[in-house]
Amino acid sequence: MRVTNAALLLFAKDPQKWFVSSTVMCVQFYGTKVQKPLAYQQIYGGSVFEVVDQAVAFVMSHIDARVGERTQSAQVDVSYELPVQAVTETIVNACVHRDYLSTGSVQVMLFKDRLEVWNPGRLPKGMTVEKLAGEHASLPVNPLLANPVYLAGYIEQVGTGTNDVIDRCVELGLRKPEFRQDENFTVVMWRREVVGTVQSDSDVVQKDTRNDPVKALPQMAQRVYAVIKDNEGIRRPFIMQKLGVSESTVKRIVAFLMEKDMIEHRGSAKTGGYYVIEKK
């Protein structure tokens with residue numbers, strides 16, 4: 001019995017063994033240009049389901065979010081500056097419809113003013129970027145990938161995905177997303193406009209890192225840092241409860257802060273907690 005490429009990408013433990021470029025590279029920049037130093041960079045591997053989940057979590061944990069109050073129930077609402085469904089749809093489409101014969105990987109690039117998701121692939125014959133904003137047929141490049149992802153509830157199969165991305169962004173008062181086709185296919189989702197101007201991207205980096213390194217952190221990392229600073233010895237479950245975020249998100253951000261020597265864990269794995277490292 002022959003195993004299909006789609007089966008390997010969807011269910012293999014390490015599909016990168018056969019498809020080296022089936023990773024997703026996520027990068028956050030301080031400003032509006034591709035410019036070093038980088039705020040954060042991570043390459044995610046695993047199955048299509050795993051890289052999609054990790055890439056979506058990366059974006060949502062690095063953008064602004066407003067946490068509601070528990071006045072009605074134990075659950076808390078979290079409102080993000082970019083719609084979760086639109087971000088998910090865009091990243092899923094990039095992973096499902098890409099050209100897996102290409103040596104390039106899907107890239108998720110978060111700038112100060114926008115999110116760009118691009119994949120090494122081209123639109124199907126007869127499809128144009130203009131048609132994506134209107135009614136159009138569903139023409140999956142990799143149907144054996146698209147169908148299982150659809151059945152798992154990640155995407156629509158009727159060709160409404162790009163329309164949903166546009167509608168959800170516009171409903172939030174954001175600029176209409178853009179679709180571009182050159183050597184790669186790119187989706188641009190615009191973030192909320194920042195009040196005020198700065199001289200350059202490098203000025204932003206220097207201002208944040210010199211005066212207050214905490215301000216140079218991604219938004220979600222700032223919130224986790226603040227919770228730990230205000231609650232010395234706090235453990236992960238309580239961070240999750242206070243911020244209303246998942247365990248995987250807290251784990252990732254805590255590891256990120258520890259790598260930067262901004263927090264540390266004291267005590268045993270069961271009874272210990274996290275503390276801010278005070279800089280002298």
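Sequence positions, counted from 1, serve as the residue numbers for this chain.
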Just jot down the side-chain contact (heavy atoms from CB on, under 4.5 Å) partners of [X], sequence neighbours excluded, or say none.
X    : result
F11  : F49
I277 : E264
D53  : Y154

For residues [X] and [Y], determine if any side-chain heavy atom of one lies less than 4.5 Å from a side-chain heavy atom of the other.
X    : Y    : answer
N231 : F238 : no
L9   : S22  : yes
H265 : Y275 : no
V51  : T23  : no
S102 : N184 : no

Straight-line distance of [X] [atom1] to [Y] [atom2], nearest 0.5 Å:
X    : Y    : atom1 : atom2 : value
I166 : E89  : CD1   : CD    : 11.5 Å
D64  : Q222 : CG    : CD    : 8.5 Å
E130 : Q181 : CD    : CD    : 11.0 Å
F19  : T103 : CZ    : OG1   : 14.0 Å
M127 : L132 : CE    : CG    : 6.0 Å
Y80  : L172 : OH    : CG    : 13.0 Å

To check you understand the geometry: which heavy-atom pair defines the closest contact between [X] and [Y], and what is its length?
X    : Y    : result
M189 : C169 : CE-SG, 3.5 Å
T271 : S268 : OG1-OG, 2.6 Å
D14  : W18  : O-CZ3, 3.5 Å
F185 : V187 : CE2-CG2, 3.7 Å

Give a yes or no on whether the backbone of [Y] and the side-chain of [X] come within a donor-acceptor separation of less than 3.5 Å.
X    : Y    : answer
N147 : P143 : no
H62  : F58  : yes
Y100 : C95  : yes
Q28  : M109 : no

Quick one: list whatever passes salt bridge (charged side-chain N to carboxylate O under 4.0 Å, His left out) with [X], sequence neighbours left out.
X    : result
K176 : none
E50  : none
E81  : R191

[X], [Y]: one ILVMFWY side-chain cluster at the under-4.5 Å cut-off?
X   : Y    : value
M25 : V34  : yes
V84 : V96  : yes
I91 : L151 : yes
L10 : V24  : yes
V48 : L144 : no

**Prompt:** Stepwise, does the side-chain contact (heavy atoms from CB on, under 4.5 Å) test hold for R180 with V188?
**Reply:** CA-CA 8 Å; R180 302 170 184 166; V188 181; 3.7 Å; yes
**Request:** Go through the structure and list residues passing ring pair (Phe, Tyr, Trp, His ring centres under 6.0 Å) with F179, not counting sequence neighbours.
**Result:**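 F179 satisfies ring pair (Phe, Tyr, Trp, His ring centres under 6.0 Å) with no other residue.
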**Request:** Under the ring pair (Phe, Tyr, Trp, His ring centres under 6.0 Å) rule, collect the residues that match up with F111, sequence neighbours excluded.
**Result:**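 Here the qualifying residues are F29.
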For a quick test of your reading: what N or O donor-acceptor pairs under 3.5 Å do the side chains of residues 250-262 make, sequence neighbours left out?
unit_1	atom_1	unit_2	atom_2	d
R252	NH2	A57	O	3.2
R252	NH2	S61	OG	3.0

**Prompt:** Stepwise, does the side-chain contact (heavy atoms from CB on, under 4.5 Å) test hold for D99 with V141?
**Reply:** CA-CA 8 Å; D99 177 8; V141 176; over 6 Å; no
**Request:** Check the pair H97 / L145 against side-chain contact (heavy atoms from CB on, under 4.5 Å), numbers first and verdict last.
**Result:** CA-CA 8 Å; H97 301 310; L145 275 181; over 6 Å; no
**Message:** Suppose the criterion is side-chain hydrogen bond (donor to acceptor under 3.5 Å, both in side chains): which pairs have a residue in residues 37-46, not counting sequence neighbours?
**Reply:**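 As it turns out, there is no side-chain hydrogen bond (donor to acceptor under 3.5 Å, both in side chains) pair with a partner in residues 37-46 once direct neighbours are skipped.
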**Request:** Run the numbers on V27 and Q107 for side-chain contact (heavy atoms from CB on, under 4.5 Å), then give the verdict.
**Result:** CA-CA 8 Å; V27 185; Q107 294 198 23; 5.5 Å; no
**Asked** Mind checking what makes side chain to side chain donor-acceptor pair (under 3.5 Å) contact with S21, not counting sequence neighbours?
**Response**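 Side chain to side chain donor-acceptor pair (under 3.5 Å) list for S21, sorted by chain: R98.
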Only pairs under 3.5 Å count here: list side-chain donor-acceptor contacts from residues 116-124, not counting sequence neighbours, and write none if there are none.
unit_1	atom_1	unit_2	atom_2	d
E116	OE2	R114	NE	2.7
E116	OE2	R114	NH2	3.4
N119	OD1	G121	N	3.3
R122	NH1	D182	O	2.7

